[in-house]
S.K.: 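The following block contains the structure, expressed as structure tokens.
Order of the sequence lines sets the chain letters (A, B, ...), proteins ahead of strands, with each chain counted from 1. Basis for what follows: all heavy atoms, side chains included, without hydrogens, waters or symmetry-related copies.
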Amino acid sequence: ETGVTQSPTHLIKTRGQQVTLRCSSQSGHNTVSWYQQALGQGPQFIFQYYREEENGRGNFPPRFSGLQFPNYSSELNVNALELDDSALYLCASSPGLQQETQYFGPGTRLLVL
Amino acid sequence: EDQVTQSPEALRLQEGESSSLNCSYTVSGLRGLFWYRQDPGKGPEFLFTLYSAGEEKEKERLKATLTKKESFLHITAPKPEDSATYLCAVQGNTGFQKLVFGTGTRLLVSP
């Protein structure tokens with residue numbers, strides 16, 4: 001059984017650019033959540049996808065958007081990057097909405113210059 | 001709004017010196033309280049889920065307990081490899097699986 005994987009591991013972008021981060025869920029998991037973790041802080045919830053539909057959203061602007069594919073992999077897209085978007089972006093999957101425990105991937109470290 | 005406060009922010013222990021980490025929370029209807037371990041630059045690693053007051057769970061040198069207002073992570077006879085940041089999170093009755101995290105406790109265990 002493979003765990004949650006994310007790509008790329010590191011990324012450097014400049015302000016105003018767009019970025020796409022990718023996540024493959026753990027085998028058998030159909031729910032994916034994305035979190036942003038700034039240095040020295042706990043992860044902050046961005047949004048969640050369940051069976052290809054957005055199921056909930058945190059306090060992030062619309063320039064943060066996502067997709068979930070039929071194989072339950074997922075993408076996080078961020079448009080018009082700002083310096084404050086520099087963070088570790090974490091993807092977490094779970095077996096379904098009734099299974100609360102989420103398992104995290106290793107994250108993508110994004111640096112915006 | 002759901003909120004989690006962890007203390008202390010940082011803790012330094014000698015190998016074998018037992019201690020406890022605290023997680024205080026406010027949540028509208030607790031669905032679960034979660035403990036994760038996070039090593040520098042890596043994703044959080046799941047440790048425990050607690051669902052109701054009075055519940056306890058153990059794994060090796062770690063034991064998590066839960067009351068109606070707080071949770072404790074007890075570390076017995078820690079080893080240097082237990083050094084990490086320990087994150088606490090709650091999930092309330094929002095209808096979806098949103099975890100609200102604290103800022104974590106950075107634990108350093110010296111040999």
Side-chain angles (χ1 to χ4, degrees), chain A residues 3-7 9-10 21 23-26 29-51 53-60 66 68 87-111, chain B residues 1-10 21-25 27 29-52 55 57 59 64 66 71 73 84-106:
Chain A
V4 179
T5 60
Q6 293 185 241
S7 63
T9 55
H10 296 84
L21 311 181
C23 170
S24 291
S25 303
Q26 187 166 323
H29 290 190
N30 58 18
T31 304
V32 173
S33 301
W34 285 91
Y35 293 82
Q36 180 196 66
Q37 187 176 23
L39 206 59
Q41 301 297 314
Q44 298 288 317
F45 177 76
I46 303 175
F47 44 58
Q48 179 182 87
Y49 279 81
Y50 172 67
R51 293 186 174 179
E53 296 287 332
E54 185 178 296
N55 187 54
R57 191 176 183 92
N59 295 326
F60 281 80
Q68 188 180 31
L88 181 67
Y89 287 85
L90 296 162
C91 165
S93 73
S94 62
L97 290 180
Q98 299 307 313
Q99 302 292 323
E100 291 87 0
T101 300
Q102 298 178 32
Y103 299 88
F104 285 82
T108 293
R109 173 71 65 185
L110 173 65
L111 177 61
Chain B
E1 187 170 318
D2 300 345
Q3 200 164 11
V4 175
T5 302
Q6 292 188 245
S7 62
E9 288 186 8
L21 313 182
N22 177 262
C23 170
S24 298
Y25 66 91
V27 64
L30 181 69
R31 288 182 64 179
L33 183 139
F34 304 83
W35 283 98
Y36 289 87
R37 168 194 170 127
Q38 187 174 29
D39 293 306
K42 298 190 176 180
E45 174 189 344
F46 170 71
L47 294 174
F48 304 109
T49 307
L50 302 168
Y51 294 103
S52 57
E55 191 173 0
K57 288 195 177 172
K59 178 181 179 180
L66 181 64
S71 176
L73 184 65
T85 295
Y86 290 85
L87 294 167
C88 172
V90 296
Q91 189 177 114
N93 286 326
T94 58
F96 55 93
Q97 294 177 356
K98 170 185 173 180
L99 289 177
V100 176
F101 282 87
T103 54
T105 294
R106 294 189 312 279

S.K.: So for B:Q6, is it side chain, backbone, both, or neither that comes closer than 4.5 Å to the heavy atoms of chain A?
M.R.: neither
S.K.: Is any side-chain heavy atom of A:L88 less than 4.5 Å from a side-chain heavy atom of B:Q38?
M.R.: yes
S.K.: Evaluate the criterion side-chain contact (heavy atoms from CB on, under 4.5 Å) for residue pair B:F34 and A:T101; output intermediate values, then yes/no.
M.R.: CA-CA 8 Å; B:F34 304 83; A:T101 300; 3.7 Å; yes
S.K.: Count the heavy atoms of every other residue, nucleotide or ligand shown that sit under 6.0 Å from CD of A:E54, and state whether that count exceeds 12.
M.R.: yes
S.K.: Check B:L87 against A:P43 and note the closest heavy-atom contact, atom names and distance.
M.R.: CD1-CD, 4.1 Å
S.K.: Are any of the side-chain heavy atoms of A:Y35 and B:K98 separated by less than 4.5 Å?
M.R.: no
S.K.: Around atom CD of B:E55, are there more than 12 heavy atoms of other residues, nucleotides or ligands at under 6.0 Å?
M.R.: yes
S.K.: Below 4.5 Å from any heavy atom of chain B, which atoms of A:T9 appear? Answer side chain, backbone, both or neither.
M.R.: neither
S.K.: Taking only residues two or more places apart in sequence or in another chain, which ones pass side chain to side chain donor-acceptor pair (under 3.5 Å) with A:Q6?
M.R.: none
S.K.: Run the side chain to side chain donor-acceptor pair (under 3.5 Å) test against B:T85 and tell me which residues pass, sequence neighbours left out.
M.R.: none
S.K.: Could you look at B:L99 and say if it's the side chain, the backbone, both or neither that has a heavy atom under 4.5 Å from chain A?
M.R.: both
S.K.: Using a cut-off of 6.0 Å, state whether more than 12 heavy atoms not belonging to A:R57 lie near its atom CZ.
M.R.: yes
S.K.: Sequence neighbours left out, what passes side chain to side chain donor-acceptor pair (under 3.5 Å) with A:Q36? Give chain and number order.
M.R.: A:Y89
S.K.: If contact means a heavy atom pair closer than 4.5 Å, which residues of residues 41-48 of chain B contact chain A?
M.R.: B:G41, B:K42, B:G43, B:P44, B:F46
